[in-house]
Student: 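Let me begin by handing over the structure; questions about it come next.
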Amino acid sequence: MTHFDIIPPEQIDSGEATDAYFDRTVETLEATDTNPHVVAEVTADQFPDGDFELLAGIKDAASLLSGLPVDVWALPEGTLFDGGPVMRIEGNYLDFARYETSLLGFLSHASGIATNAMEISEVAKDTPVLSFGARHVHPSIAAVVERSALIGGLDGFSHVAAGDLLGREASGTMPHALIICFGRGNQEAAWQAYDEQMPPEAPRVTLCDTYSDEVEEVLGAVEALGKNLDSVRLDTTSSRRGDFEAIVRETRWELEARGHDHVDIFASGGLGPADVGRLSEHVDGFGVGGYVSNADPVDFALDIVEVEGEPAAKRGKLSGAKQVYRTPDGGHYIALAGRVGPSGGTPLQKRLVEDGSIVRDFDLDATIDRAARDIDRVDPVSDPGE
Ligand code: PCP
């Protein structure tokens, strides 16, 4: 147990992290000796609508289902999908009924974050983006946020403990708190102290918007750190922002006018895809928080589609086990499993769990590469949203 309001992992593993109606269903089925062999699928939209999402959370889903007497197929983590099942479970219903709640939670949350990260990453083009949004979510899911952000194409993240879990070092610059601790008018002292204290490998990125005009603070940072200064971060608070793009471009101009071309500009604070798209040619890096970490979870549901080998589904859902394909033109195609797929289509659902044993690796670098390749092939983000 923990003194925080966090469900312990043991209760997720045991199936106790469930909705009460599953407990009641299990009780009823057991009492009536009813336990059919079923096929169940995890699906968001039934049919393609041109709106692709990026699948994440499969690693945790596989851990959840391992040890249960079931067979599971799923799209590999880091695959784009547009309708149709992302996972199929085959087994006796009572063997996995209580796991539905946690299973959908693992997939829904991670996939929503990965999808928004992908959107940001695509409009940022080659400009690196760090995930700064851990502060907006419950600390128990910080690693889910950072891992999903990387799968979606972000280049790094800020959360230290998530870094420990993922085996990657967290990145960061400095908060306004550091500047304020040195007092108004003492920004140079704060930046210099930071420069002196940080290890040589840490980039010198000074936050330049705390008390006065951005250009003035940036030129002050150049003066204070000289050639040591790698980058300046502009995080102007929204009420003082005006035209952020103009502020960034003016800052760049004034740096270049004084021969400080080596100083990069890093932008952060309330940025979404439209901002990132507008700013990407003017800055050298972004920090994006809420747009990624606060992404809407994907609306996945788990539905029974076959009972004892026969098609079965509630109305509005499609019965029968399905396969989904990547078509040669980068499209997504849904067909009944066992039927002939589209010409040149690649089947996407692969075995994940075989009679309770996980049969796939979850190397994070490989997942990131897979996502990048699929995004390249499908080209799902053409019009940055607002
Ligand atoms: C930045 C900004 C946001 C963070 C990063 C990004 O923090 O103000 O809070 O998240 P967002 O994209 O959701 O806005 P700092 O400048 O470090 O904030 P602070 O003022 O706390 O130092």
Side-chain angles (χ1 to χ4, degrees), residues 109 112-124 127-139 141-142 144-146 148-150 152-160 162-163 170-184 186-187 189-191 193-194 198 202-214 217-218 220-221 230-242 244-245 247-248 251 264-280 282-297 384-386:
H109 216 150
I113 293 165
T115 299
N116 277 20
M118 167 181 75
E119 202 183 334
I120 290 288
S121 169
E122 287 295 280
V123 295
T127 306
V129 185
L130 301 181
S131 167
F132 275 4
R135 64 181 60 194
H136 300 306
V137 300
H138 195 287
I141 67 155
V144 173
V145 170
E146 307 297 35
S148 304
L150 293 180
L154 298 204
D155 302 276
F157 55 82
S158 63
H159 199 274
V160 174
S171 304
T173 63
M174 60 177 64
H176 293 95
L178 176 68
I179 312 287
I180 294 169
C181 283
F182 279 78
R184 179 181 286 275
N186 296 325
Q187 294 94 307
W191 298 324
Y194 182 83
M198 288 301 103
R204 272 49 184 173
V205 187
T206 59
L207 182 55
C208 293
D209 60 41
T210 308
Y211 289 118
S212 58
D213 175 75
E214 289 81 356
E217 293 219 2
V218 163
D230 293 301
S231 182
V232 293
R233 177 158 77 96
L234 304 183
D235 183 77
T236 312
T237 201
S238 59
S239 64
R240 298 297 184 94
R241 188 165 279 190
F244 197 43
E245 183 184 347
I247 293 173
V248 167
T251 303
D264 287 344
I265 298 177
F266 187 96
S268 63
L271 303 178
D275 311 297
V276 169
R278 262 197 304 274
L279 292 170
S280 64
H282 305 300
V283 304
D284 306 282
F286 292 105
V288 174
Y291 190 80
V292 171
S293 64
N294 303 357
D296 287 339
E386 289 302 318

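Ligands are counted one by one from 1 in listed order, and the atoms in each one are counted from 1 as well. Note that this is a predicted model, so its numbers are computed, not measured.
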Student: Are any non-hydrogen side-chain atoms of Phe244 and Thr236 less than 4.5 angstrom apart?
Tutor: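 In short, these two side chains touch, coming nearer than 4.5 Å.
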
Student: Contact between Ile179 and Trp191 at the side-chain level, heavy atoms closer than 4.5 Å - yes or no?
Tutor: yes

Student: For ligand 1, find each of its N or O atoms that sits under 3.5 Å from a protein N or O atom, and tabulate the pairs with distances to one decimal place.
Tutor:
unit_1: ligand 1; atom_1: 8 (O); unit_2: Asp235; atom_2: OD1; d: 3.3
unit_1: ligand 1; atom_1: 8 (O); unit_2: Asp235; atom_2: OD2; d: 2.9
unit_1: ligand 1; atom_1: 9 (O); unit_2: Arg135; atom_2: NH1; d: 3.3
unit_1: ligand 1; atom_1: 12 (O); unit_2: Gly270; atom_2: N; d: 3.3
unit_1: ligand 1; atom_1: 12 (O); unit_2: Gly289; atom_2: N; d: 2.8
unit_1: ligand 1; atom_1: 13 (O); unit_2: His136; atom_2: NE2; d: 2.7
unit_1: ligand 1; atom_1: 13 (O); unit_2: Gly290; atom_2: N; d: 2.7
unit_1: ligand 1; atom_1: 14 (O); unit_2: Gly270; atom_2: N; d: 2.6
unit_1: ligand 1; atom_1: 16 (O); unit_2: His176; atom_2: ND1; d: 3.4
unit_1: ligand 1; atom_1: 16 (O); unit_2: Arg233; atom_2: NH1; d: 3.1
unit_1: ligand 1; atom_1: 16 (O); unit_2: Arg233; atom_2: NH2; d: 3.3
unit_1: ligand 1; atom_1: 16 (O); unit_2: Asp235; atom_2: OD2; d: 2.8
unit_1: ligand 1; atom_1: 17 (O); unit_2: Arg233; atom_2: NH2; d: 3.0
unit_1: ligand 1; atom_1: 20 (O); unit_2: His176; atom_2: ND1; d: 2.7
unit_1: ligand 1; atom_1: 21 (O); unit_2: Arg135; atom_2: NH1; d: 3.4
unit_1: ligand 1; atom_1: 22 (O); unit_2: His176; atom_2: N; d: 2.8
unit_1: ligand 1; atom_1: 22 (O); unit_2: His176; atom_2: ND1; d: 3.0

Student: Quick one: are Leu178 and Leu207 in side-chain contact, heavy atoms under 4.5 Å?
Tutor: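 No, too far: nothing below the 4.5 Å cut-off.
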
Student: Knowing that exactly one of Leu154, Asp155, Ile120, Val288 qualifies, which makes a side chain to side chain contact (heavy atoms under 4.5 Å, CB included) with Ser131?
Tutor: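 Testing each of Leu154, Asp155, Ile120, Val288 against Ser131, the sole residue satisfying side chain to side chain contact (heavy atoms under 4.5 Å, CB included) is Leu154.
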
Student: For Asn294, does the CG atom have more than 12 heavy-atom neighbours from other residues, nucleotides or ligands under 6.0 Å away?
Tutor: yes

Student: My understanding is that only residues two or more places apart in sequence, or in another chain, count here; which of them pass side-chain hydrogen bond (donor to acceptor under 3.5 Å, both in side chains) with Asp264?
Tutor: none

